[in-house]
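Presented below is the structure to which this report refers.
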Amino acid sequence: MSPLFDGVFKRDMAIAFRQKSELVQPIMFLLMVVTLFPLGVGPSPDTLQRIGPGVIWIAAILSSLMGMERLFRDDFQDGSLEQVMLSPVPLWQVVAVKVLGHWLVSFIPLLLLSPLLAVFLNLTFGMYQALIVTLILGTPLLSFVGAIAVGLTVGLQRGGLLLALLLIPVFIPLLIFATSAVDSAALQLPYQPQIAIIGAMLLLSVAASPFAIAYALRVSQN
Amino acid sequence: MSLVASELTCIKRDRVLFERLSMSLEPGQLVYLRGPNGAGKTSLLRILTGLAAPDAGTVYFQGAPVSNDIAAYHKALIYLGHKPALNSTLSAMENLRFWLAQQYLTFDPKAAYQALEKLGLVGLEDIPVRLLSAGQQRRAALARLWLKPASVWLLDEPFTALDTQGIALLETLFAHHVADGGMLLTTSHQPLSKRAGPVTNMDLEYRL
């Protein structure tokens with residue numbers, strides 16, 4: 001028996017697919033936000049192409065905030081988190097697996113949907129290539145960094161809005177580099193530097209955040 | 001082979017719940033922790049499990065501070081708190097299966113089924129926990145006591161929502177555990193009956 005795969009990963013997947021509405025709602029929200037922009041700023045193809053990458057990224061960040069709380073809220077409230085902390089498995093490994101599972105169920109649908117969004121916003125193929133690379137590298141970063149804030153706010157009643165206020169400023173660098181990469185691609189300039197910086201941020205967050213999340217959860221338990 | 005707490009102090013919101021509290025739990029001993037609401041029973045239990053840190057003092061398991069090898073201590077421990085620790089969308093059986101996997105234990109469906117049968121949950125093992133009554137949820141949470149071989153049991157109000165038959169079942173289980181050399185610390189607002197065997201009482205006072 002592998003405690004991380006059988007005890008944590010399979011459990012989280014089983015719960016996620018029982019609560020399908022919680023999975024579908026953030027993605028529907030994202031789709032609607034993206035659809036609002038052509039209605040709001042006018043459907044001129046040039047305008048849409050210029051604002052497109054930013055719109056997709058902002059919508060992705062906002063929709064990720066909606067589903068983020070799900071990561072630890074239920075486990076904290078029903079006491080499952082206590083039992084996980086009392087298991088012989090190190091907590092940082094458990095949270096790393098939970099964050100990975102959360103990324104799979106909340107962002108893989110976004111990645112699958114991204115070609116459609118690119119068509120909506122009149123992105124060129126070169127821009128879409130850059131966008132998908134920034135999404136693949138950037139969305140795990142959203143999950144890992146976001147989980148730290150979820151760990152800190154999980155003990156509060158109605159921590160939802162506070163979570164957004166804590167996290168949106170933290171995601172600004174990611175937004176800047178991701179949209180700048182797609183802008184460079186639009187001008188047919190190399191965009192590897194921006195990708196490299198996002199990759200570096202991702203590696204740092206993957207290495208450090210499981211420990212920060214575990215610590216935040218312990219503080220919330222106290 | 002014992003659980004010893006030495007000079008524990010716990011302060012919550014500027015109120016001292018207990019100060020320099022020392023206690024020990026020996027194999028074959030059932031300690032019944034009593035005290036009014038707010039006396040710090042749950043806080044003491046959470047400190048003993050390692051979930052919360054005391055403001056001063058140390059908890060020793062088998063002679064060494066528990067923080068030295070927390071995984072080994074947690075292998076020998078079952079803690080059941082106020083919250084049932086059951087996910088409401090999963091069934092009782094699934095909850096037990098995932099919990100056992102997290103404890104590095106193999107899930108034996110037959111053993112799990114027998115435990116649920118003893119607890120009167122036959123026919124309810126496959127429906128989501130949220131559809132069970134409060135007492136049935138408590139019973140599903142208690143099934144862990146049959147499934148994990150652990151020497152230390154720390155139970156916080158295990159009788160909540162149980163009917164008389166459930167209480168009798170649990171008290172008999174306590175007696176077996178203690179007779180087998182297990183250690184048990186439990187809180188409750190109702191006195192334990194003779195079925196539970198010899199009991200050591202321990203009182204916490206409400207301090208202002």
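Numbers restart at 1 for each chain; the letters A, B, ... are given by sequence-line order, proteins then strands. Predicted model only: the values in this text are computed from it and were never measured.
With 3.5 Å as the limit, one finds a donor-acceptor pair spanning the side chains of S180(A) and Q194(A). A side-chain donor-acceptor contact under 3.5 Å links R11(A) and S80(A).
Residues R18(A) and E94(B) are paired through a salt bridge, judged by an N-O separation under 4.0 Å between the basic side chain and the carboxylate.
Highest contact tally toward chain B, considering only E82(A), Q19(A), M85(A), is held by E82(A) [criterion: heavy-atom pairs under 4.5 Å]. Note on I15(A), V8(A), V94(A): by heavy-atom pairs under 4.5 Å with chain B, the leading option is I15(A).
Of residues 141-166 of chain B, not one residue has a non-hydrogen atom less than 4.5 Å from any non-hydrogen atom of chain A.
Residues satisfying the side-chain contact (heavy atoms from CB on, under 4.5 Å) test with N68(B), not counting sequence neighbours, are A64(B), P65(B).
Taking the ring centre of F72(A) as origin, the terminal cationic atom of K98(A) falls outside the region bounded by 6.0 Å and 45° from the ring axis.
In Y215(A), the OH atom is not crowded: 12 or fewer heavy atoms of neighbouring residues, nucleotides or ligands sit closer than 6.0 Å.
Residue contact with chain A, scored on non-hydrogen atoms closer than 4.5 Å, involves the backbone of L86(B) exclusively.
Between F98(B) and D6(A), the closest side-chain pair of non-hydrogen atoms is not below 4.5 Å.
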